[in-house]
Each structure stands twice: as C-alpha cells, then as structure tokens.
Amino acid sequence: MTSMPQVRVPASRGGRLSLAQRAQRVRRARRARRGGDGWAAALCLAPALTVIGLFVVYPIVATGRLSLTTWDGASPEQVFAGLANYVRMAGDPEFRNSLLVTVLYGLGVTVLGVASGLGLAVLLNAPLRGLALYRGIFFLPVVTSSIAVATVWKYLFGQDGPMGGLTGLNWLGDPYLALLSLTLLTVWKQLGLNVVLYLTALQAIPPQLYEAAALDGAGGWQRLRRITVPLLAPMTFFVIIEGLIATFQGFDLVYALTQGGPLGGTEVLGFLVYRTAFSSGEFGYAATIAYAGFALVFGLSWLQWRLGGRSQWS
C-alpha cells in the first residue's frame, strides 16, 4: 500500500499543540500543496486550452449565433431571425436530399473502409520481405493532394476513360454510379491511414494468444474472428468515427470530381453548405445546415461510443 506523505508540523513555542490543532495544520498544508499542483497543471494546460478555445469552441459558438440570423456575407448588419432558418431547413427538399446522400455516402465509406483496412492490415502484419515498402505504397494516397487525386479519378471514370470505356457505363453521369464512384475514391484515399491504424493495433496484441489458440486447434479464420476482431474493437470504433467525420465534412473530393451532381446525386452536406453560402449568398442558412451536420456527427459519435462501451463490458 502507498504510504501517506509525511507533513512536518512545527512545534509551538508555548508548548505542545493539541491534537485538533495538529490536524488543522496538516489539513492547511495539504490544501496549500493541492493548490500549488492545481496552478502548475493549469499553467501546463493553458496553451492547449487556448488553442482549443480559439479554433474549436469559439467557431462552434459563432456558427450557432450566425445560424440565428440572415446575412449575405457582405452587409455590415446581421438581422436576427430566430429559428426561421431551422424551420426552413426542416422543409427544404435540397437539405433532405443532401442528408440522404451523406448518410449513404458515410455508410459506404465506413463499411468498405473498415473491411479493406482490416484485411490489408492483417496481410501486411505477416513477416514479408519489403514490408516497409508495401506500407509506404499504401500510405501514398493519404498524403497526395485531394484535388489531384480527384482529377485523375475523374478521367478514369469518365466516358472516355478506362472505366467508362471498358464497362460502357456513364459513371459520373448517373446519380447512383456517381455516388458509388465518390465512395470508392474516398475509401481508396483513406485506405493507407486505416491500414496504419489497424497495424498499430495488431502489433499490440500479445502473440501468446494466437499460440494458445493454435494449440487448441483453432484455424486462421477462427483466430481472426475470436481474437483479432474483438481485440480491435476500439480501433474499429475510431476508424468508423473518422470515416463519418470525413464524409459529413466532405467537400474537396466532391468539388473536384462531380461538383455535387448529377442531379444532386453527390451533394453531401459539406458541399451544400459551400453552395448555399458562396453561390446563393445565404450565410445564415448555410450556418444552420453546418450546425445540423455537426449535431448529426456528435449524435452518431455518442451512440457509437455508448454501444461500443457496452459491447466491451458485456
């Protein structure tokens, strides 16, 4: 057991202190020590808290205030509109279409991203020659410019490109095929990051677990299903949250690949916010849509956290 720290209490000149006086002085000394530790912790955390306050908390509060106004982005005054923007958003067919597109987009990116990232991570976790080279190759799309990548994919999936010529399909001219193309592009762009995250988690699993399972006669699929997948649940949760945030904030890939078309088939919430603010000049309504997207991401993250926590303790 950890011993309590010894606090030296000075003796009184007039004689020995009573037990109550000694206890009171000990309490005062401990409170002073805690106060010093608290100030030291506050000083250490002050730079990080300042950055978070300026670049996270303040933009959220400012966006919420802007969503209650009507502003064209140039007028010196912002007219207070109350909840009028939220009432308009509830009946806006463009918002409902964008929300549906974003949900389908996020679902496809998370499912395919988790499956492909985990599968490649398991393969790359084996003792192969040139393993570092393979890991670097898979990570290249992550550090490549999104605009450059989307421009190349736009050519590949165009009617005159390899995919359009081989399949005879109008990948970027059909709303459903365009959304599928955007989903595949996003999964490919994030694949390297997911692989690195899963590799980090795989290397933290004790090899003794696999050895014991092999001695009990468990095959490769059983070890993957009974050991690997359950122990990677926290990392899978993180990958899902990252994928959801990327899809709900998606803009650059959509802008370069499809411009939100055709017929709004790839107009995710992030692109709708951009078009509403900078094309229509409705910054207040755009802030309302952005706040709705933030609320959805926060709600999904909280739900995933609750379900993930319960599953780990059950």
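Just so we're clear, the structure is a prediction, and the values are computed from it rather than from any experiment.
- In this structure, CG in L215 is found 15.0 Å from OH in Y210, a value given to the nearest 0.5 Å.
- Evaluated for a side-chain hydrogen bond (donor to acceptor under 3.5 Å, both in side chains) with Y105, the options T186, T110, T183 yield exactly one hit, T186.
- Q259 is not listed as a side-chain neighbour of R275, based on a closest heavy-atom distance of 4.5 Å or more.
- Note: M235 CE to L199 CG = 10.0 Å, rounded to the nearest 0.5 Å.
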- After noting the C-alpha distance and the side-chain angles of E282 and D72, does the key distance pass the side chain to side chain contact (heavy atoms under 4.5 Å, CB included) rule? CA-CA 5 Å; E282 298 179 290; D72 59 1; over 6 Å; no
- Query: Would L124 and F138 satisfy side chain to side chain contact (heavy atoms under 4.5 Å, CB included), going step by step from the backbone distance to the final call?
  - Reply: CA-CA 10 Å; L124 294 178; F138 280 111; 3.8 Å; yes
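- The CG atom of L177 sits 8.0 Å away from atom CG of N170, with the distance rounded to the nearest 0.5 Å.
- Side-chain atoms of S98 do not come within 3.5 Å of backbone N or O of L272 as any donor-acceptor pair.
- Listed here is the closest heavy atom pair of I227 and L209: CD1-O, 3.6 Å.
- In this structure, CG on L169 lies 8.0 Å from CE on M163, to the nearest 0.5 angstrom.
- Placement of V297 and V114 within a single hydrophobic cluster is found when ILVMFWY residues are connected by side-chain heavy-atom separations under 4.5 Å, directly or transitively.
- When hydrophobic clusters are built by joining Ile, Leu, Val, Met, Phe, Trp and Tyr residues whose side-chain heavy atoms come closer than 4.5 Å, directly or via intermediates, V273 is not grouped with V254.
- Within the 4.5 Å cutoff, the side chain of L104 has heavy atoms near those of the L100 side chain.
- Note that CZ of F237 is 15.0 Å distant from CG of L232, once rounded to the nearest 0.5 Å.
- In plain terms, the two heavy atoms of P47 and L43 that are nearest each other are CD-O, 3.5 Å.
- The backbone N or O of L118 sits nowhere less than 3.5 Å from a side-chain atom of N194 that would complete a donor-acceptor pair.
- Taking each heavy atom of F251 and G270 in turn, the nearest pair found is CD1-O, 4.3 Å.
- The 12-atom threshold is exceeded at CD of Q203, counting heavy atoms of other residues, nucleotides or ligands nearer than 6.0 Å.
- Residues W71 and L68 do not share a hydrophobic cluster, clusters being chains of Ile/Leu/Val/Met/Phe/Trp/Tyr side chains in contact below 4.5 Å.
- With L269 as the fixed residue, the side chain to side chain contact (heavy atoms under 4.5 Å, CB included) test singles out one of T247, V101, V103, T102: T102.
- Within the 4.5 Å cutoff, side-chain heavy atoms of L257 are placed close to those of K154.
- Annotation for F80: atom CZ counts as buried by contact number, over 12 foreign heavy atoms lying within 6.0 Å.
- With rounding to the nearest 0.5 angstrom, the CG atom of N125 is 12.0 Å from the CG atom of L120.
- Closest heavy-atom contact between K189 and S146: CE-OG, 3.6 Å.
- In this structure, Y291 contributes its side chain and I60 its backbone to a donor-acceptor pair below 3.5 Å.
- L184 and V239 fall into different hydrophobic clusters, where Ile, Leu, Val, Met, Phe, Trp and Tyr side chains are chained together by heavy-atom contacts under 4.5 Å.
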- Message: Please evaluate residues Y285 and D92 with respect to the criterion side chain to side chain donor-acceptor pair (under 3.5 Å), reporting the C-alpha separation (whole Å), side-chain torsions for both, the decisive distance (0.1 Å), and the verdict.
- Response: CA-CA 11 Å; Y285 186 51; D92 188 357; 2.6 Å; yes
- Message: Set out, in order, the CA-CA distance, both residues' side-chain angles and the distance that settles side chain to side chain contact (heavy atoms under 4.5 Å, CB included) for F238 and L197, then state yes or no.
- Response: CA-CA 9 Å; F238 179 77; L197 291 174; 3.7 Å; yes
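- Panel note: side chain S280, backbone A277; no donor-acceptor pair is recorded below 3.5 Å.
- With a 6.0 Å radius and a threshold of 12 heavy atoms from other residues, nucleotides or ligands, R96 has its CZ atom above the threshold.
- You'll find the side chain of L99 reaches within 4.5 Å of the side chain of L296, heavy atoms only.
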- Check step by step if side chain to side chain contact (heavy atoms under 4.5 Å, CB included) holds for Y198 and T236. CA-CA 8 Å; Y198 273 122; T236 300; 2.9 Å; yes
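- Nearest approach of F248 to G293, heavy atoms of both residues: CD2-O, 4.2 Å.
- Contact of the Y86 side chain with the S67 side chain is registered, since non-hydrogen atoms from C-beta on lie closer than 4.5 Å.
- In the hydrophobic clustering of this structure, W153 does not group with L191; members are Ile, Leu, Val, Met, Phe, Trp, Tyr whose side-chain heavy atoms approach within less than 4.5 Å, directly or through other members.
- When all heavy atoms are compared, the tightest approach of L54 to P59 is O-CD, 3.3 Å.
- With a 4.5 Å cut-off on side-chain heavy atoms, V109 and Q190 count as touching.
- Surrounding CG of D216 are more than 12 heavy atoms belonging to other residues, nucleotides or ligands, all under 6.0 Å away.
- In this structure, the side chain of T266 does not engage the main chain of P262 through any donor-acceptor pair within 3.5 Å.
- Under the 4.5 Å side-chain criterion, counting only non-hydrogen atoms from C-beta, W171 is in contact with L180.
- Put simply, the side chain of R223 gets close to the backbone of A218: a donor and an acceptor are under 3.5 Å apart.
- F283 has its ring centre less than 6.0 Å from the ring centre of F278.
- The side-chain heavy atoms of V149 and W188, taken from C-beta on, include a pair separated by under 4.5 Å.
- The aromatic rings of Y274 and Y255 sit perpendicular to each other, their planes meeting at more than 60°, with 30° as the lower class boundary.
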